[in-house]
Amino acid sequence: MSKGPEDIKAAWLQILDLVLGLSKFALLAASLLLIYLLAGDSLASWWTPQERNVSPTSNSSLSRQVLAIEDEVENGIHVPTGLIYAEGFEWVRSTCTACHSAKLVTQNRASRAGWLEMIRWMQASQGLWDLGDKEKPILDYLAKHYAPEDIGRRAPLPVEEIEWYILELD
Ligand code: HEC
């Protein structure tokens, strides 16, 4: 079988094809190498596990985020509890959310005497402990921020102050 010019041409084309194919791989490899060299450090931090190792004491970004949410205050309201964020808040949060939701506090309104009465009732029947020297700041806070609200309707008159009169029909 003799090799004509056609065969030789076909052989060269095959070689060319092969070289082109290989150069594509070379280009791909070179690109990857370039990406690694340029961005290797920031990419490496993705797959290093140390950041995911969250323990309650670690200063990781996740626990920082959780702490931020715990302390979130918006328009003077402590977001997780709904309590007004003001002096005495910490005592109320730590004492008055131990057994029930802070909603029982935020949905109630009373005078100082009324709040004291509720505290005494919980102490007598619900296992609330003696608040000691925290009772005053807690009462100050409750009486100031959860006082009976003027909701635009006159409070009912005490019966003895009502001046009764005879309605004259005619
Ligand atoms: C030892 C547990 C405990 C603690 C601590 C506690 N409470 Fe209560 N409280 C209760 C229980 C139990 C009830 C009744 C809940 C119910 O009816 O579902 C209650 C009910 C209430 C109510 C509703 C009363 C009503 O008449 O409906 C208010 C308001 C309230 N608590 C405020 C407070 C405040 C303010 C504090 C912090 C000084 C506090 N609680 C701390 C146990 C507790």
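Whatever order the structure lists ligands and atoms in, that order sets their numbers, starting from 1. The chain is numbered in sequence order, starting from 1.
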Which pairs of nitrogen or oxygen atoms, taken one from ligand 1 and one from the protein, are under 3.5 angstrom apart?
from, atom 1, to, atom 2, distance (Å)
ligand 1, 7 (N), H100, NE2, 2.8
ligand 1, 9 (N), H100, NE2, 2.9
ligand 1, 31 (N), H100, NE2, 2.8
ligand 1, 40 (N), H100, NE2, 2.7

| How long is the gap from OG1 on T95 to CH2 on W129, to the nearest 0.5 Å? | 6.5 Å
| side chain to side chain contact (heavy atoms under 4.5 Å, CB included) against A26, all qualifying residues, sequence neighbours excluded | none
Donor-acceptor pairs under 3.5 Å, side chain of residues 15-24 to any protein atom, not counting sequence neighbours: which ones?
from, atom 1, to, atom 2, distance (Å)
S23, OG, V19, O, 3.4
S23, OG, L20, O, 2.7

Contacts table for residues 131-143: side-chain donor-acceptor under 3.5 angstrom, sequence neighbours left out:
from, atom 1, to, atom 2, distance (Å)
E135, OE1, R120, NH1, 2.9
E135, OE1, R120, NH2, 3.4
E135, OE2, R120, NH2, 2.9
K136, NZ, D140, OD2, 2.9
D140, OD1, R112, NH1, 2.8
D140, OD1, R112, NH2, 2.9
Y141, OH, I84, N, 3.2
Y141, OH, I84, O, 2.5

| task | Compare every heavy atom of P80 with every heavy atom of E72, then report the nearest pair and how far apart it is. | result | O-CD, 3.6 Å
| query | Is any side-chain N of the basic residue among E6 and K9 closer than 4.0 Å to the acidic one's carboxylate O? | reply | no
